[in-house]
Trainee: 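One structure, as structure tokens, below. Some questions next.
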Amino acid sequence: MELLQLQYFKTIAECQHITKAANKLMISQPSLSNTLSRIENELGVQLFDRQGRNIVLNNYGRIVLEHTNNILRELDNIHTEIDEMEQRQNRAITIASPDSLYLREWLPKFVNQNQDLSIRHFVTTMEKIELGILNGSVDFGIFSQVPQNPAFDSYILWEDDYVVLAPLGLPSIPKSPCDFAEFEKIPFIALPPSEHAPRSIDILSRAINIKPNIIFEGDRGLLERMLIPINAAIVTLKSSIQNEKDRQTCAEYCNIVELTNPESHLQVTLSWDRRRTLSAAAQLFLDYVKNNAITPWHITSSDDVKRFESICKTTR
């Protein structure tokens with residue numbers, strides 16, 4: 001059996017339709033049908049069950065597809081290792097996450113120390129991140145929980161929790177810690193809904209079947225200016241007030257309420273396909289993550305605290 005035949009079979013299995021697969025491969029439908037017949041004759045079994053114009057992979061086909069994926073992946077690994085050994089040309093790393101906030105504090109430090117690398121980051125859904133890791137278009141994905149895909153290796157960057165910040169003048173704020181259900185009537189501000197990832201306030205609300213009382217939605221910069229003057233609460237990551245200085249700054253203007261809901265706990269995780277050979281650049285990035293303190297963003301970073309205090313003082 002030839003590699004080209006395996007690639008044709010993989011495309012047929014993905015499309016589950018001979019004509020669609022032929023169009024994708026830009027070959028004639030009869031030629032592709034003949035290729036499939038030769039593979040089935042060589043193996044002595046049919047690999048698809050015919051259902052009208054569609055074909056569906058059967059148990060024999062699933063076995064062949066699993067081995068085909070392994071063979072093609074190993075071929076990809078061969079090319080990767082040869083390229084790295086002979087030319088070291090691949091100096092690019094692609095990272096994807098559902099929120100750029102997960103990288104805001106520590107990624108710039110890595111970039112500054114490795115300016116010979118080409119690093120690309122983009123924000124997308126967790127489903128697309130997982131697919132990108134599997135098809136090789138994404139080197140590393142960042143998730144809010146450890147993904148369960150058995151093909152992945154994962155490294156927990158840090159553990160985190162959602163907390164509620166509520167201005168001191170906001171009435172009826174429950175004592176910390178408490179269940180998020182006690183905030184059902186409390187007014188909130190929040191980011192707009194995103195196609196990339198569910199909002200923290202939506203995750204908490206859906207888990208206990210309540211509708212959050214969101215009175216304003218806007219980007220992060222605008223939310224900072226809205227929190228105190230409109231007297232509304234916000235759900236944020238505990239890591240943003242992770243040390244004593246952060247908490248003291250917040251406590252001057254806000255109640256800090258920790259939550260008891262299981263959904264409020266996160267494991268911010270870096271994941272990659274353990275079956276693929278990492279490029280030299282990707283391995284350098286992974287070594288950096290494992291050997292350095294990966295710190296999440298917090299409000300005392302840079303000039304953030306000064307801006308926060310200035311906004312609060314001018315609106316009280």
Side-chain angles (χ1 to χ4, degrees), residues 1-51 54-96 118 120 122 124-141 143 147-154 270-283 285-286:
M1 195 177 301
E2 300 173 353
L3 283 174
L4 184 61
Q5 290 178 318
L6 294 178
Q7 291 170 335
Y8 283 4
F9 165 75
K10 177 178 172 65
T11 302
I12 297 171
E14 291 173 345
C15 295
Q16 297 196 73
H17 196 286
I18 291 290
T19 302
K20 291 179 181 178
N23 291 337
K24 185 174 182 178
L25 293 166
M26 292 186 290
I27 62 174
S28 68
Q29 183 268 331
S31 175
L32 187 59
S33 296
N34 290 335
T35 298
L36 177 58
S37 295
R38 287 196 294 272
I39 295 173
E40 291 179 326
N41 288 337
E42 182 176 341
L43 295 174
V45 293
Q46 285 193 340
L47 304 179
F48 296 88
D49 295 329
R50 275 64 178 177
Q51 296 182 358
N54 294 324
I55 54 176
V56 179
L57 207 63
N58 60 27
N59 289 337
Y60 295 116
R62 281 189 280 272
I63 292 173
V64 176
L65 180 60
E66 180 179 355
H67 287 285
T68 296
N69 286 333
N70 289 336
I71 291 169
L72 296 178
R73 189 181 300 112
E74 284 301 313
L75 180 62
D76 184 48
N77 286 343
I78 290 172
H79 289 304
T80 299
E81 292 186 15
I82 288 175
D83 286 342
E84 287 295 322
M85 184 177 295
E86 293 186 345
Q87 300 184 23
R88 300 288 179 180
Q89 291 180 341
N90 185 7
R91 304 296 292 168
I93 305 171
T94 299
I95 307 166
S118 175
R120 175 176 178 249
F122 63 94
T124 187
T125 65
M126 286 186 281
E127 291 78 11
K128 290 182 179 179
I129 295 173
E130 185 168 338
L131 180 61
I133 294 174
L134 292 172
N135 66 30
S137 62
V138 173
D139 295 306
F140 297 100
F143 300 85
Q148 299 304 305
N149 194 308
F152 289 3
D153 269 342
S154 295
L270 182 77
S271 297
W272 62 97
D273 190 339
R274 59 180 172 79
R275 302 167 302 177
R276 293 185 180 275
T277 301
L278 292 177
S279 67
Q283 187 62 55
F285 175 79
L286 183 58

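Excluded from the calculations below are hydrogen atoms, water molecules and symmetry mates; all remaining heavy atoms, backbone and side chain alike, are included. What you are looking at is a predicted structure, and each value in this text was computed from that prediction instead of being measured.
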Trainee: I'd like to check L36 versus Y8 (side-chain heavy atoms, cut-off strictly below 4.5 Å). Are they in contact?
Mentor: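 Counting from C-beta outward, L36 and Y8 never come under 4.5 Å.
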Trainee: With rounding to the nearest 0.5 Å, note down the distance linking CG in L72 to CG in D76.
Mentor: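 It is 9.0 Å, given to the nearest 0.5 Å.
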Trainee: Quick check: do L134 and F152 have side-chain heavy atoms less than 4.5 Å from each other?
Mentor: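 They are in contact (side-chain heavy atoms under 4.5 Å apart), so the answer is yes.
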Trainee: Can you tell if the side chain of Q16 reaches within under 4.5 Å of the side chain of N54, non-hydrogen atoms only?
Mentor: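 Sidechains of N54 and Q16: no contact.
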Trainee: Nearest 0.5 Å, please: how far is NE2 in H17 from NZ in K24?
Mentor: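 It comes to 14.0 Å.
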Trainee: Using side chain to side chain contact (heavy atoms under 4.5 Å, CB included), reason through E42 and I39 one step at a time and then give a plain yes or no.
Mentor: CA-CA 5 Å; E42 182 176 341; I39 295 173; 5.8 Å; no
Trainee: Find out whether W272 and D139 are in side-chain contact, i.e. whether some heavy atom of one side chain is under 4.5 Å from a heavy atom of the other.
Mentor: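 Not touching, per the 4.5 Å side-chain cut-off.
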Trainee: So, K10 and E14, do they make that salt bridge, N to O below 4.0 Å?
Mentor: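 Looking at E14 together with K10, the answer is yes, because their closest N to O distance falls below 4.0 Å.
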Trainee: Would you give the length of the straight line joining atom CZ of F122 to atom CD1 of I129, rounded to the nearest 0.5 angstrom?
Mentor: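 Answer for the CZ-CD1 pair, F122 versus I129, is 7.0 Å.
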Trainee: How far apart are the C-alpha atoms of V138 and I95, what are their side-chain angles, what is the distance that settles it, and do they pass the side chain to side chain contact (heavy atoms under 4.5 Å, CB included) test?
Mentor: CA-CA 6 Å; V138 173; I95 307 166; over 6 Å; no
Trainee: Taking only Lys NZ, Arg NE, NH1 and NH2, and the carboxylate oxygens of Asp or Glu, determine whether R275 and E74 approach each other closer than 4.0 Å.
Mentor: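 Looking at R275 and E74, the cut-off is not met.
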Trainee: Would you check if there is a donor-acceptor pair between the side chains of Q46 and N58 at a distance under 3.5 Å?
Mentor: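 Note: N58 and Q46 side chains miss the donor-acceptor criterion.
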Trainee: Quick one: OG1 on T35 to CD1 on I27, what's the gap to the nearest 0.5 Å?
Mentor: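 CD1 of I27 is found 5.5 Å from OG1 of T35.
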Trainee: Any non-hydrogen side-chain atom of F48 less than 4.5 Å from a side-chain atom of V56?
Mentor: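 SC-SC contact between F48 and V56 ruled out.
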Trainee: Give me the one residue out of D49, I18, L47 that meets side chain to side chain contact (heavy atoms under 4.5 Å, CB included) with I55.
Mentor: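 Single pass found, and it is I18.
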Trainee: May I ask you to test the N23-K20 pair for a side-chain heavy-atom distance under 4.5 Å?
Mentor: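 SC-SC contact between N23 and K20 ruled out.
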Trainee: To the nearest 0.5 Å, what is the distance between CG (N77) and CZ (R276)?
Mentor: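 Going from CG on N77 over to CZ on R276, the span is 7.0 Å.
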Trainee: Can you find a side-chain donor-acceptor pair between Q7 and T11 that sits under 3.5 Å?
Mentor: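 There is no such pair between these side chains.
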Trainee: Side-chain contact, heavy-atom cut-off 4.5 Å: Y60 with E40?
Mentor: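 A side-chain contact is absent here, since even the closest heavy-atom pair is not under 4.5 Å.
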Trainee: Working to the nearest 0.5 Å, report the span between NZ of K128 and CG of N135.
Mentor: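 Nearest 0.5 Å value for the NZ-CG distance: 12.5 Å.
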Trainee: Using 30° and 60° as the class limits, which term best fits the ring planes of F285 and F140: parallel, tilted or perpendicular?
Mentor: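 F285 and F140: tilted rings.
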Trainee: Which heavy atom in D273 sits nearest to a heavy atom in I133, and how many Å separate them?
Mentor: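 Scanning both residues completely, I find the closest heavy atoms to be N-CG2, 3.5 Å.
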Trainee: Backbone N or O of S33 within a donor-acceptor pair of the R38 side chain at under 3.5 Å?
Mentor: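 Looks like no, no N/O pair under 3.5 Å.
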